[in-house]
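Let me begin by presenting the structure, written as structure tokens, before commenting on it.
Each chain gets a letter, A, B and so on, in the order the sequences are listed, and its residues count up from 1.
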Protein chains: 2
Amino acid sequence: MELDKILEFKYTPEINEKLIDYGFTKTFAEGDVILNENAYIKAIPIVMSGSIRVMRTDDDDREILLYYIKAGESCIMSFLGGMHHDTSKVKAIAEEPTEILFVPIDKVNILIKDYPEWLDYIFRLYHKRFEELLDVVNAIAFKKLDERLLDFIKKKCQINDNNTLVITHEHIANELGTARVVVSRLLKQMEQEGLVTLGRNKIILH
Amino acid sequence: MELDKILEFKYTPEINEKLIDYGFTKTFAEGDVILNENAYIKAIPIVMSGSIRVMRTDDDDREILLYYIKAGESCIMSFLGGMHHDTSKVKAIAEEPTEILFVPIDKVNILIKDYPEWLDYIFRLYHKRFEELLDVVNAIAFKKLDERLLDFIKKKCQINDNNTLVITHEHIANELGTARVVVSRLLKQMEQEGLVTLGRNKIILH
DNA sequence: AGAAAACGGTAACAAATGTCACATATTGGC
DNA sequence: GCCAATATGTGACATTTGTTACCGTTTTCT
């Protein structure tokens, strides 16, 4: 396992070894729920390969996308929750086949004490997530659905490095926290404006 | 200055001394803007007395309340922003006469290295803010305005330990990210339902 | 007291989004 | 090929929120 190439921060081979030594890996298939709302957190996850999407869910069954966790990153909510023996406030789902290294909380504390670089890595991630959350607040507070939808499509395409998206309207609606018909309606409108081309399970961005 | 009684975490008198030694204090009047969006951050603020409200603003002039910073707490966004030489993504305004201790970023790094308790304090605050932000996401994504409005009033009353709120509809509208007429309309409705009693600059919660 | 500013009430309307009902199209399993 | 499941299209309508306009009341300033 080449953690060196996966983790994005600069660290010594020692941290590498310790992480693998202290932790254990698990693999998840696309769609697997990695962490459920209100679950207790005993270990912090580091994504080795694949990616995770983190959602906030309502008391009903509506949910909304917060951000993605990519290879080399960790779930910062888990980290803080774990540090303070709290439960998770979010739900994490594998976007694709994903391999995760779980490092027990108590070991994490040791690492922080011994390796300042590791702490810096944590801070950096925190900062990133915080800003992403602010973007979400911005979007749902001030932007209209059509703009959010287009942003969503562009972002997904960018990740795939591809202008064709394989996804259902239903799925999009869930991530944006709205209903399927609304997404279908807006997509049709966008198609008529020449922004996209639609197909079954498929959206082509122009 | 009795920092001991103000800061909520347990720390040694040494940290107390260092904070005051390294930092400088400034006082702000109600309504003063402490930090503007896109301003550079060179020092992290610790609220000694009073309180601050933190808002996210749109490109237009619409804005929305994120959370409050009370005495003994710090602005975590400033902290991370400062650590990575970033600009602020939020706007901070004094809610009342407020005294703030500014500690330069480079000194903060020294404190973290030397005093693990201080680090724990930072993490705790981060966690708190993150959850508050999640609550905001929840509210604007899933709740209707009337519910958000009632929550807002209840929260304010709780802070004041009082069931009478001195505030204008305009002000409420700004914090909720909507228009004055909308707030007036909903408040009137709530009054008819017997939830509140209205007066000029005044809302009494039942 | 008189003028100006701030605050709130209300109506009428527009726009955005949500909801329901049902039709049609596509796919995969058998 | 046929059926069932899944995905999408679309109309009609309800609800929520935003917008504009205007008025009366209360406060503040001078």
(message) If I take atom CD1 in residue I172(B) and atom P in nucleotide dG18(D), what distance separates them, rounded to the nearest angstrom?
(response) 15 Å
(message) The side chain of S184(B) is closest to which nucleotide in this list: dT10(D), dG9(C), dG18(C)?
(response) dG9(C)
(request) Test R53(A) against every option in L65(A), L66(A), I69(A) by the side chain to side chain contact (heavy atoms under 4.5 Å, CB included) rule and name the one that passes. (result) L65(A)
(message) OP1 or OP2 of dG9(C) versus the side-chain N and O atoms of H169(B): is any pair under 4.0 Å?
(response) yes
(request) Counting heavy atoms from C-beta on, name the nucleotide in dG18(C), dG9(D), dT25(D) closest to the side chain of L198(A). (result) dG9(D)
(message) Under 3.5 Å, is there any donor-acceptor pair linking the side chain of R180(A) to the base of dG18(C)?
(response) no
(message) Closest approach to the side chain of V181(B), judged atom by atom: which nucleotide of dT10(C), dC7(C), dT17(C) is it?
(response) dT10(C)
(request) Taking only the side-chain nitrogens and oxygens of T178(A), find out if one of them lies under 4.0 Å from OP1 or OP2 of dG18(C). (result) yes
(message) Does R185(B) contact dG18(D) through a side-chain donor or acceptor facing the base, at a distance under 3.5 Å?
(response) yes
(message) Can you confirm whether or not the ring centre of Y121(A) sits under 6.0 Å from the ring centre of Y115(A)?
(response) no
(message) As a quick check of understanding, evaluate salt bridge (Lys or Arg N to Asp or Glu O under 4.0 Å) for K89(B) and E131(A), giving each step before the final call.
(response) CA-CA 8 Å; K89(B) 298 292 180 294; E131(A) 297 204 339; 3.6 Å; yes
(message) From C-beta outward on T168(A), which listed nucleotide comes closest to its side chain: dA7(D), dT16(D), dT19(C)?
(response) dA7(D)
(request) Would you kindly check if the NZ (Lys) or CZ (Arg) of R129(A) is within the cone defined by 45 degrees around the ring axis of Y67(A) and under 6.0 Å from the six-membered ring centre? (result) yes
